[in-house]
Amino acid sequence: MPRKEKEQIILGKPLIPNAGVRTWYTKELNNLVAQMDERTRREVLEIFRTVAQKGGSVESQERILLAKLERYYGDLFKRKAKELAQAMVRKQNRSVSAGLRATLAAVTVGQAFIPVKTRTITGAVLKDFKTSVSQNVSLIRSIHSQYFTRIEGAVYRAIIDGQGSGFLRDELIKCGAESKRRARNIARDQSHKAYEALSRARMQQMGIQYWQWEHGGGTKTVREYHIKDVSEGGLNHSIHKIGEKAYDPTKGVKREILPGELPFCTCRMRPVIKFD
């Protein structure tokens, strides 16, 4: 009996995100932040030095400058956020489609299984596409707002504490580094989340009814429950219905999740085809 059940299940290859998409997204976000950071740091320091030497009101001039820069980059980030988010999700959609076509071609030879077109964006795929774009737009725009909050704090601390331009320069560099680090984290985390969301929607669209949890690895964030095999009470290699999530009882989670849903989780889905 166990043997018969085993023969009725065919495992496709794990759907692994294209590293090139993440690299591209990281580069684009980093360039966007670097453009904002370099100009802001240069102009803030210029006013801090020149106005102070002339005996003018540094605080007043810095406030005017920061308001101007915040408006300018607010508009730029608003425009670029949607553009980059849509491009990233489209790239991931193509990657998911290619991965599913390859895995199905390998496992359905001789089987009566006809997949639908994998590039069409409709139904659940369209819903997850829009959700991923919306989440990314929000996160990208938050980089801009958090950056200027930190910059303003650094400038006013330097003025109030009577610090020199060297102190302010170091503080501004820290602000830029933090925003670039956050951009890298967003690119890494969100590109994976978009891939997993589209993978689930694509499999559902193609009539695949089950998926298997596959531990991803390759990050500093290690979740023991995700690594532990299902035979030992963990999530790894556990099989679930397409419309269902997997329960994670770990402290701080204790809810149903999908691969890649938790911050920096690189776990992924594997198509499971059952022939009754």
Side-chain angles (χ1 to χ4, degrees), residues 5 9 11-17 19 21-22 25-26 29 85 88-89 92-93 95-96 99-100 123-143 145-146 178 181-205 208-274:
E5 180 68 21
I9 297 176
L11 298 177
K13 294 180 179 179
L15 298 174
I16 303 174
V21 176
R22 185 184 69 184
Y25 200 36
T26 301
L29 291 187
M88 183 275 286
V89 178
Q92 291 294 46
N93 181 54
S95 182
V96 168
L100 275 172
V125 178
L126 180 60
K127 179 182 177 182
D128 282 350
F129 183 97
K130 289 181 176 180
T131 299
S132 294
V133 168
S134 178
Q135 289 174 342
N136 276 265
V137 167
S138 178
L139 286 168
I140 293 172
R141 292 183 65 180
S142 73
I143 296 174
S145 59
Q146 290 183 13
E178 175 60 31
R181 182 163 51 251
R182 185 158 183 268
R184 288 194 299 271
N185 287 338
I186 287 173
R188 182 181 68 178
D189 190 44
Q190 291 299 310
S191 60
H192 186 80
K193 279 182 168 60
Y195 187 91
E196 293 302 325
L198 290 168
S199 294
R200 182 180 69 256
R202 282 286 177 208
M203 285 191 284
Q204 189 171 16
Q205 181 192 50
I208 299 174
Q209 298 180 350
Y210 299 89
W211 60 274
Q212 185 182 66
W213 187 291
E214 287 284 332
H215 174 61
T219 67
K220 295 180 180 179
T221 303
V222 178
R223 294 182 171 91
E224 295 297 333
Y225 191 68
H226 294 194
I227 300 174
K228 187 182 294 185
D229 192 82
V230 64
S231 62
E232 300 174 349
L235 276 178
N236 203 19
H237 303 133
S238 59
I239 295 177
H240 310 270
K241 288 185 177 181
I242 277 293
E244 297 178 354
K245 296 185 176 184
Y247 184 74
D248 186 341
T250 307
K251 183 179 180 181
V253 183
K254 293 187 177 181
R255 60 184 173 87
E256 293 185 330
I257 61 170
L258 289 168
E261 185 173 328
L262 298 181
F264 310 118
C265 173
T266 59
C267 293
R268 55 220 182 196
M269 290 184 172
R270 186 172 188 168
V272 177
I273 300 172
K274 290 187 177 184

Gap separating the [atom1] atom of [X] from the [atom2] atom of [Y], nearest 0.5 angstrom:
X: Ile16; Y: Ser199; atom1: CD1; atom2: OG; answer: 11.0 Å
X: Arg223; Y: Asp248; atom1: CZ; atom2: CG; answer: 8.0 Å
X: His237; Y: Ser231; atom1: NE2; atom2: OG; answer: 9.0 Å
X: Leu11; Y: Ile273; atom1: CG; atom2: CD1; answer: 9.5 Å
X: Glu261; Y: Arg255; atom1: CD; atom2: CZ; answer: 5.0 Å
X: Gln204; Y: Trp211; atom1: CD; atom2: CH2; answer: 12.5 Å

Considering only heavy atoms from C-beta outward, does the side chain of [X] approach that of [Y] to under 4.5 Å?
X: Leu258; Y: Glu196; value: no
X: Ile257; Y: Lys245; value: no
X: Glu214; Y: Pro259; value: no
X: Val89; Y: Lys130; value: no
X: Leu139; Y: Arg182; value: yes
X: Leu15; Y: Arg268; value: no

* Smallest separation among heavy atoms of Pro271 and Lys13, with atom names -> CD-O, 3.3 Å
* Evaluate side chain to side chain contact (heavy atoms under 4.5 Å, CB included) for Tyr25 paired with Asn136, printing each intermediate quantity in order. => CA-CA 11 Å; Tyr25 200 36; Asn136 276 265; 2.7 Å; yes
* Flag, side chain of Lys193 to backbone of Gly260, donor-acceptor distance under 3.5 Å -> yes
* Asked: Do His226 and Trp213 pass the side chain to side chain contact (heavy atoms under 4.5 Å, CB included) test, and can you show the C-alpha distance, the side-chain angles, and the key distance before you say yes or no?
  -> CA-CA 8 Å; His226 294 194; Trp213 187 291; 3.7 Å; yes
* Is Glu178 paired with Arg181 through a side-chain N to carboxylate O contact shorter than 4.0 Å? ->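 Looking at Glu178 together with Arg181, the answer is yes, because their closest N to O distance falls below 4.0 Å.
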